[in-house]
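Throughout, residue positions are numbered sequentially from 1 according to the sequence presented. All values below were derived from every heavy atom in this structure, side-chain atoms included, with hydrogens, water molecules and symmetry-related copies excluded.
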Amino acid sequence: DDMGLGKTVQALTLLLEEHQGGDTGQSLVVAPTSVIYAWAEEASRFTPTLKVSVYHGSNRPPEPPRDVDVIVTSYGLLRYAADAFQRPWRALVLDEAQRIKNPQSHVARVARGINAEFRFALTGTPLENRLLELWSIFECLMPGFFGPRAAFRRRYSIPIERDRDEEALARLQRRIRPFILRRLKSEVARELPPRQEQVLYCELGAAQRQLYERVRNTYRQSVLRKLDSSGVGRSTLPVLEALMRLRQACCDPALLPFPEAEEVQESAKLDLLINTLDKTIPAGHRTLVFSQWTSLLRRVIPRLEKNQWEFLYLDGRTTKRHELVNRWNLPDGPPVFLISLRAGGAGLNLTGADHVIHLDPWWNPAVEDQATDRAHRIGQTRPV
């Protein structure tokens with residue numbers, strides 16, 4: 001589905017029907033850590049007769065309880081405590097199923113090994129980078145459906161991605177169509193207010209521009225030397241590092257691990273962020289601020305405190321995330337929520353916001369769309 005159309009509620013409705021017949025076994029839901037408690041809250045709200053238990057945390061028992069209908073756990077626990085889930089399950093539900101997109105990852109292998117009668121994958125972005133991710137998800141849902149990975153690459157990945165083969169694409173679409181339920185916002189949530197996108201440009205100051213040029217020239221020389229000695233195929237990492245350092249120089253010089261960067265105190269991008277918030281907060285708007293770098297988010301905090309603006313903060317180390325989400329969605333919640341893109345870019349319902357700011361672009365626009373739709377989803381009453 002498009003993001004924000006209630007995949008969780010759909011899945012809970014299905015599980016409720018599956019477990020109404022008495023002793024039908026248990027079902028397992030695997031979700032990102034940030035939303036496992038949201039599953040329990042949604043269940044208590046929409047399917048109160050369905051017995052749901054969250055299996056997570058350092059104080060958890062050796063194995064999930066057996067006297068409930070549904071166990072909700074995280075991908076992290078599935079990875080590190082796989083033995084706890086070695087029992088027959090009625091249904092396996094993978095929320096944000098793109099988490100198993102790498103077929104060679106340990107979590108994907110464990111998910112494929114789960115013993116379940118029925119399997120469901122919930123995601124708004126089944127493809128983020130390449131077609132092989134689709135093979136990985138289907139290999140978990142229906143092992144052998146596409147045959148070996150090499151055969152999938154030969155029949156679909158290479159013709160479609162490299163050769164733009166329309167016939168191969170049509171064959172792939174016909175093959176997967178019976179197994180995909182796809183709903184669009186334009187069909188389901190016609191009352192949803194519009195989502196407007198705007199690019200804000202900022203000009204680097206003299207000192208920051210000078211630092212940027214120094215970084216650019218330094219990495220340009222090293223990358224060209226690597227290309228000359230090793231060729232393009234073996235120079236990917238140096239090129240990506242150079243691009244990352246240039247991005248950091250644009251965001252905030254403090255992100256760079258160089259002594260020269262410590263001398264530059266200005267950050268045009270953070271100045272623009274504060275100027276933007278200075279207009280939106282007095283007008284009653286509430287803003288999600290995403291970044292791929294937690295160090296950049298922490299650089300924002302002193303500026304918010306200087307302006308005496310309340311805020312919330314969430315990254316991969318945050319515990320009790322559901323409490324932060326509940327506080328944010330209160331009508332009198334704080335005006336700013338700083339969120340790590342990886343930790344909070346998917347699964348969370350943050351309709352208390354009507355503005356979303358991406359401090360730095362991610363490599364993949366689909367990931368940014370996922371994060372933006374934390375606010376632009378069912379339950380939102382204002383334009384985003």
Side-chain angles (χ1 to χ4, degrees), residues 1-11 29-39 42 74-76 93-102 105 107-108 120-131 133-134 136-137 180-186 188-189 192-199 286-294 296-297 312 314-316 318 321-322 324-325 328-329 337-380 383-384:
D1 283 1
D2 271 354
M3 281 79 81
L5 293 184
K7 292 185 288 290
T8 302
V9 176
Q10 283 192 94
V29 173
V30 186
T33 303
S34 57
V35 298
I36 54 177
Y37 289 99
W39 271 85
E42 297 277 277
S74 68
Y75 283 99
V93 178
L94 300 175
D95 190 16
E96 302 296 345
Q98 69 272 14
R99 295 295 179 98
I100 65 164
K101 66 184 180 182
N102 180 358
S105 67
V107 70
F120 301 92
L122 314 182
T123 175
T125 51
L127 289 175
E128 290 189 337
N129 298 298
R130 52 186 181 154
L131 278 175
E133 297 166 2
L134 190 66
S136 183
I137 294 175
I180 293 182
L181 173 63
R182 169 73 165 156
R183 300 186 307 158
L184 305 176
K185 285 180 179 175
S186 58
V188 179
L192 200 62
R195 190 180 98 171
Q196 305 161 8
E197 296 188 12
Q198 182 180 5
V199 179
R286 301 175 65 206
T287 305
L288 307 177
V289 179
F290 286 101
S291 174
Q292 62 181 297
W293 290 301
T294 56
L296 181 58
L297 291 175
L312 300 177
L314 185 151
D315 65 17
T318 302
R321 303 178 185 193
H322 61 292
L324 285 181
V325 172
W328 172 259
N329 286 326
F337 200 163
L338 306 176
I339 306 176
S340 160
L341 189 64
R342 289 183 63 83
L348 299 179
N349 181 356
L350 302 173
T351 52
D354 64 340
H355 279 59
V356 180
I357 293 178
H358 292 277
L359 277 181
D360 40 271
W362 188 249
W363 304 106
N364 186 343
V367 177
E368 291 183 14
D369 287 339
Q370 274 264 26
T372 300
D373 283 333
R374 300 310 97 216
H376 191 245
R377 56 198 296 113
I378 287 180
Q380 180 59 266
V384 173

Visitor: Just by modelled atom types, is the G352 backbone N or O under 3.5 Å from a matching donor or acceptor in the N329 side chain?
Guide: yes

Visitor: V325 and L350: side-chain contact (heavy atoms from CB on, under 4.5 Å), yes or no, with the steps?
Guide: CA-CA 7 Å; V325 172; L350 302 173; 4.0 Å; yes

Visitor: Could you measure the distance from the CD atom of Q292 to the OG atom of S340? Nearest 0.5 Å is fine.
Guide: 9.5 Å

Visitor: Search all heavy atoms of S74 against all heavy atoms of T33 and return the closest pair with its distance.
Guide: CB-OG1, 3.6 Å

Visitor: The criterion is side chain to side chain contact (heavy atoms under 4.5 Å, CB included); which residues satisfy it with H358, sequence neighbours excluded?
Guide: F290, L341, V356, E368, A371, T372

Visitor: Considering non-hydrogen atoms only, spot the tightest contact between D354 and Q380 and give its length.
Guide: CA-NE2, 4.5 Å

Visitor: Closest heavy-atom contact between L297 and L338?
Guide: O-CD1, 3.7 Å

Visitor: Which value, rounded to the nearest 0.5 Å, describes the distance between R99 atom CZ and S136 atom OG?
Guide: 14.0 Å

Visitor: Check whether any side-chain N or O of H376 sits under 3.5 Å from a backbone N or O of P193 as a donor-acceptor pair, and report yes or no.
Guide: yes

Visitor: Can you see whether Q98 engages E96 through a side-chain donor-acceptor pair at a distance of less than 3.5 angstrom?
Guide: yes

Visitor: Using a strict cut-off of less than 4.0 Å between a Lys/Arg side-chain nitrogen and an Asp/Glu carboxylate oxygen, indicate whether D369 and R374 qualify as a salt bridge.
Guide: no

Visitor: Would you say the side chain of F120 lies within less than 4.5 Å of the side chain of L94, judging by non-hydrogen atoms?
Guide: no

Visitor: Evaluate W39 against V93 for side-chain contact (heavy atoms from CB on, under 4.5 Å), listing each step before the verdict.
Guide: CA-CA 12 Å; W39 271 85; V93 178; 4.2 Å; yes

Visitor: Using 0.5 Å steps for rounding, measure from the CD1 atom of I339 to the OG1 atom of T318.
Guide: 10.0 Å

Visitor: Where the side chain of D95 meets the backbone of T123, is there a donor-acceptor pair that is under 3.5 Å apart?
Guide: no

Visitor: How long is the gap from OG1 on T294 to CZ on R342, to the nearest 0.5 Å?
Guide: 11.5 Å

Visitor: If you look at every heavy atom in I36 and A31, which pair is closest and at what distance?
Guide: CG2-O, 3.9 Å

Visitor: For the atom pair OG1 (T351) and CZ (R286), what is the distance rounded to the nearest 0.5 Å?
Guide: 9.0 Å

Visitor: Indicate yes or no for a side-chain donor-acceptor contact from T287 to the backbone of H355 under 3.5 Å, with no hydrogens or angles considered.
Guide: no

Visitor: For residues D360 and S291, is any side-chain donor paired with an opposing acceptor at under 3.5 Å?
Guide: yes

Visitor: Restricting to non-hydrogen atoms, name the atom on A121 and the atom on I137 that form the minimum distance, rounded to 0.1 Å.
Guide: CB-CG2, 3.8 Å

